[in-house]
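Worksheet for the structure shown next.
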Amino acid sequence: DSADPALTTSQEVTITITGTDDKPVIDISGADVAGIDGEVVFKPRGDGVALFSTDLAVGDVDDAELLTGATLVLDSATALDNAFGTTYETLYAVSTADATVSGGTITIGAAVLTVSGNGTAASPLVITGAATAAEYKTALQTLHYANTNPNAFAGDRTISVTVRDDGVAPADADKLLSDAAELTVSVNWTPVIDLNGALTGRNYSTTYVEKQPTTTYVAAPTATVFDQNGLIQSLTITLQNAPDGTSEVLSLSAATLAT
């Protein structure tokens, strides 16, 4: 072979790299806790409980992309108080220091998102609208769980939480949907104090007039103290913000104590 081994041949090759949208992510308990799930506690006959703390993390590695939705669904198999024809367990939004909830919208600065549904399997709670991951975090932090059954079943409820990306949907549109995080709502019975009885809410307000021969009570006559297990061991009442210091006292008559 007389060919010169020093001779070489070159050929131009074109490589095409096609970018794809990465899933957004949601982490309920934050980066310092393993996994993406979380837990909150609800006390029956109490106020609704916020679903997400400041630990909540919402992100999208496609930094230039926006999120377009979030969906929360109560697992009907665990929402036991909804199993008998009445919807006691629901999810809803309330205004916070960083977001205003009004008329089915959540407003965060210039971003206006729509919120609908009550969180049940038949009516998932859905937030929609184009916004940044940070704005969706703020929107999610408006959400609460409530259970209006006065005799709520104790146990854990589970809520599926997902967020959706704004990218161009590929053949599999679910690639724009985050992995579902699971939020556990632990329904735990504790003693319930209702100071105003049949009136709305559980707090009580009264007035004390100085130098008058009258008794001022710290609760309404119809006030109740309830515990599902009937095992209350003690009751503590503390007088706070007393401008007259030790001159202001609370007392319990022996006659009342005897009954």
- Query: Under the 3.5 angstrom rule, does the side chain of Asp27 hit a backbone N or O of Gly30 as a donor-acceptor pair?
  - Reply: yes

- Task: Please report the C-alpha distance between Thr238 and Thr236 in whole Å, then the side-chain angles of each, then the deciding distance to 0.1 Å, and finally whether the side-chain contact (heavy atoms from CB on, under 4.5 Å) criterion is met.
- Result: CA-CA 7 Å; Thr238 303; Thr236 301; 3.9 Å; yes

- When clusters are formed by joining ILVMFWY residues with side-chain heavy atoms under 4.5 Å apart, either directly or through shared neighbours, do Phe42 and Phe52 land in the same one? yes

- Message: If we ignore hydrogens and angles and just use 3.5 Å, is the side chain of Tyr136 paired with the main-chain N or O of Gly69 as donor and acceptor?
- Response: yes

- Item | Main-chain N/O of Thr120 paired with Ser123 side-chain donor or acceptor, under 3.5 Å | no

- Task: Compare every heavy atom of Ala133 with every heavy atom of Leu67, then report the nearest pair and how far apart it is.
- Result: CD1-CA, 3.8 Å

- Message: Nearest 0.5 Å, please: how far is CG in Leu125 from CD1 in Ile159?
- Response: 9.5 Å

- Message: Between Val187 and Pro44, is there a side-chain heavy-atom distance shorter than 4.5 Å?
- Response: yes

- Query: Within a strict 4.5 Å, meaning less than it, do heavy atoms of the Leu143 and Leu72 side chains meet?
  - Reply: yes

- Hey, quick one: are Val41 and Ile28 part of the same hydrophobic cluster, counting side-chain heavy atoms closer than 4.5 Å, chains of contacts allowed? no

- Item | Side-chain heavy atoms of Asn118 within contact of Tyr92, under 4.5 Å | no

- Query: Linking I/L/V/M/F/W/Y whenever any side-chain heavy atoms sit under 4.5 Å apart, do Val161 and Val40 land together?
  - Reply: yes

- Message: Donor-acceptor check, side chain of Thr100 to backbone of Ser95, threshold 3.5 angstrom: yes or no?
- Response: no

- Message: If you compare all heavy atoms of Ser178 against all heavy atoms of Pro24, which two are closest, and at what distance to 0.1 Å?
- Response: CB-O, 3.1 Å

- Item | Validation row: Glu89, Leu74 side chains within 4.5 angstrom (heavy atoms) | yes

- Message: Quick check for you: to the nearest 0.5 Å, what is the distance between Leu51 atom CG and Leu140 atom CG?
- Response: 9.0 Å

- Task: Kindly compute the distance separating CZ (Phe153) from CH2 (Trp189), expressed to the nearest 0.5 Å.
- Result: 11.5 Å

- Check the pair Asp156, Thr78 against side-chain contact (heavy atoms from CB on, under 4.5 Å), reporting the backbone distance first and the verdict last. CA-CA 7 Å; Asp156 292 344; Thr78 62; over 6 Å; no

- Working to the nearest 0.5 Å, report the span between OG1 of Thr68 and CZ of Arg164. 6.5 Å

- Message: I want to check something: taking the side chain as every heavy atom from C-beta on, are Ser186 and Glu39 in contact at a cut-off of under 4.5 Å?
- Response: yes

- Query: To the nearest 0.5 Å, what is the distance between CG (Asn196) and OG1 (Thr224)?
  - Reply: 9.0 Å

- Query: Is there a side-chain contact between Leu235 and Ile193 (heavy atoms, below 4.5 Å)?
  - Reply: yes

- Message: When you compare the side chains of Asp98 and Thr96, does any donor N or O come within less than 3.5 Å of an acceptor on the partner?
- Response: no

- Under the side-chain contact (heavy atoms from CB on, under 4.5 Å) criterion, do Leu177 and Thr162 qualify, and how do the steps go? CA-CA 7 Å; Leu177 192 67; Thr162 56; 3.9 Å; yes

- Message: Between Arg157 and Asp81 (salt bridge meaning N to carboxylate O under 4.0 Å), is one present in this structure?
- Response: yes

- Query: If you look at every heavy atom in Asn203 and Leu195, which pair is closest and at what distance?
  - Reply: C-CB, 4.3 Å

- Less than 4.5 Å apart, any side-chain heavy atom of Ile127 and any of Ile106? yes

- Query: Do other residues, nucleotides or ligands put more than 12 heavy atoms under 6.0 Å from Asn188 CG?
  - Reply: yes

- Are Leu252 and Leu250 grouped together when hydrophobic residues (ILVMFWY) are joined by side-chain heavy atoms under 4.5 angstrom apart? no

- Over all atoms of both residues, closest heavy-atom pair of Val192 and Arg202: CG1-CD, 4.2 Å

- Item | Check: Val58 and Val25 side chains under 4.5 Å, non-hydrogen atoms | no

- Query: For the hydrophobic clusters of this structure (ILVMFWY residues joined by side-chain heavy atoms under 4.5 Å, transitively), does one cluster hold both Val115 and Leu113?
  - Reply: yes

- Message: Test side-chain contact (heavy atoms from CB on, under 4.5 Å) on Val49 and His144; report intermediate values, then the result.
- Response: CA-CA 5 Å; Val49 60; His144 287 62; 5.8 Å; no

- Task: Enter the distance from Asp165:CG to Asp60:CG here, rounded to the nearest 0.5 Å.
- Result: 4.0 Å

- CG/Asp32: more than 12 non-hydrogen atoms of other groups inside 6.0 Å: no

- Query: If you take all heavy atoms of Thr206 and Tyr217, which pair is closest and at what distance?
  - Reply: CG2-O, 3.5 Å

- Item | Within 6.0 Å of CZ in Phe226, more than 12 heavy atoms from elsewhere | yes

- Without swapping roles, check the side chain of Glu248 against the backbone of Asp244 for a donor-acceptor pair under 3.5 Å. yes

- Return yes if some donor-acceptor pair links the side-chain N/O of Ser53 with the main-chain N/O of Asp55 below 3.5 Å, else return no. yes

- Item | Residue pair Val163 / Ala70: nearest heavy atoms and the distance that separates them | CG1-CB, 3.9 Å

- Query: Counting N and O atoms only, with roles assigned by atom type, does the side chain of Lys137 sit under 3.5 Å from a partner on the main chain of Thr54, one being a donor and the other an acceptor?
  - Reply: yes

